[in-house]
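To start, the structure under review is shown below, and the notes come after it.
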Amino acid sequence: THGQYQVSAGAKTCVDCDTCVPGKIRSGCGSSSAGTCSNCDSGTFKPEGSGSKPKGLWNTSCQQCAKGTYAAVAGQASCPSCEVGTYQLLAGKSVCTSCSTCPEGNFRLSCGLHSSGTCQKCPGGKFKDSTSNTWDTACGQCGSGTFSKDGASKCEVCGHGKYQDAVQESTCKTCQT
């Protein structure tokens, strides 16, 4: 019978194939062999299984980790989610990829789990330069007396005859004559 074996000659019954512990799969069970348990490969997992022989689980195969998760080493019972600042676009992987930094004047939106995110321009009145520029650095705001257009790497000072009394503005006001 499928899923059973017998190592003793003259036996009256067969023995059910044992399940393996989570993270391991059984191969070679049947006929006169109990088979062996081996680790699921990195990038895969198997959550169920125990020595108590739950029906139908002795031959359960390993599953690929889903997008946004990983299994760094073999023999995993689950796949943890990618940590903050990392993502994985593909299933069945053993590592997550670090979120990348956007060019000056841009910030990264929605990087994590199964998305690499996108670079978006800093809105007018905000800026982002290359100092301490990491993937999650937010755009800074322009102070009073300055302004910036969309995608700026720095705030510009209002020129002669103009002013800005508010913060985070995209234009300067003209002085009254």
Side-chain angles (χ1 to χ4, degrees), residues 19-25 27 37-50 57 60-176:
T19 58
C20 298
V21 296
K24 295 183 179 272
I25 56 169
S27 59
C37 290
S38 57
N39 285 334
C40 292
D41 292 335
S42 61
T44 66
F45 73 106
K46 187 180 83 112
E48 71 280 324
S50 70
L57 295 181
T60 300
S61 59
C62 300
Q63 303 168 36
Q64 283 191 339
C65 295
K67 294 177 185 179
T69 67
Y70 70 103
V73 295
Q76 298 301 298
S78 64
C79 298
S81 294
C82 293
E83 296 175 7
V84 172
T86 66
Y87 66 95
Q88 182 48 258
L89 301 176
L90 304 172
K93 296 299 176 180
S94 60
V95 296
C96 294
T97 303
S98 294
C99 298
S100 60
T101 302
C102 294
E104 288 185 346
N106 292 268
F107 67 99
R108 184 156 300 280
L109 181 66
S110 301
C111 182
L113 295 179
H114 54 81
S115 173
S116 62
T118 57
C119 289
Q120 304 287 315
K121 287 183 177 183
C122 293
K126 292 190 169 196
F127 73 100
K128 187 174 174 189
D129 61 20
S130 62
T131 58
S132 69
N133 187 8
T134 62
W135 78 269
D136 61 345
T137 303
C139 300
Q141 69 179 20
C142 295
S144 58
T146 65
F147 73 101
S148 72
K149 300 292 183 189
D150 290 351
S153 62
K154 65 181 182 176
C155 298
E156 303 290 335
V157 176
C158 293
H160 296 292
K162 298 188 179 247
Y163 73 101
Q164 184 49 262
D165 55 353
V167 297
Q168 200 172 309
E169 293 296 327
S170 60
T171 60
C172 291
K173 301 174 185 174
T174 304
C175 296
Q176 299 295 324

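- Contact annotation: the side chain of Glu156 never approaches that of Cys172 to less than 4.5 Å [non-hydrogen atoms, C-beta and beyond].
- Counting non-hydrogen atoms of other residues, nucleotides and ligands closer than 6.0 Å to NZ of Lys173 gives a total above 12.
- Between Val84 and Trp135, the closest heavy-atom pair is CG1-CZ2, 4.3 Å.
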Name each donor-acceptor pair under 3.5 Å that joins a side chain in residues 138-146 to protein atoms two or more places apart or in another chain, with its distance.
residue : atom : partner : partner atom : Å
Thr146  : OG1  : Gly143  : N            : 3.2
Thr146  : OG1  : Gly143  : O            : 2.6

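- Closest non-hydrogen pair, Cys79 versus Thr69, comes out as CB-OG1, 3.6 Å.
- Judged purely by atom type and a 3.5 angstrom limit, Gln164 uses its side chain to pair as donor or acceptor with the backbone of Ala166.
- A 4.5 Å side-chain heavy-atom check between Ser38 and Ile25 finds at least one atom pair inside the cut-off.
- Without hydrogens or angle criteria, Asp150 side chain to Gly124 main chain gives a donor-acceptor distance under 3.5 Å.
- Between Pro123 and Ser148, the closest heavy-atom pair is O-OG, 4.3 Å.
- Of the possible donor and acceptor atoms, one in the side chain of Ser115 sits under 3.5 Å from a partner among the backbone N and O of Ser110.
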Check against side chain to side chain donor-acceptor pair (under 3.5 Å), Thr171 and Glu169 | CA-CA 6 Å; Thr171 60; Glu169 293 296 327; 5.4 Å; no
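- For the salt bridge (charged side-chain N to carboxylate O under 4.0 Å, His left out) condition, no pair includes a residue of residues 101-129, sequence neighbours left out.
- Listed for the Lys93 side chain is no donor-acceptor partner under 3.5 Å among the backbone atoms of Tyr70.
- Counting only residues at least two apart or on different chains, no side chain to side chain donor-acceptor pair (under 3.5 Å) pair has a member in residues 76-90.
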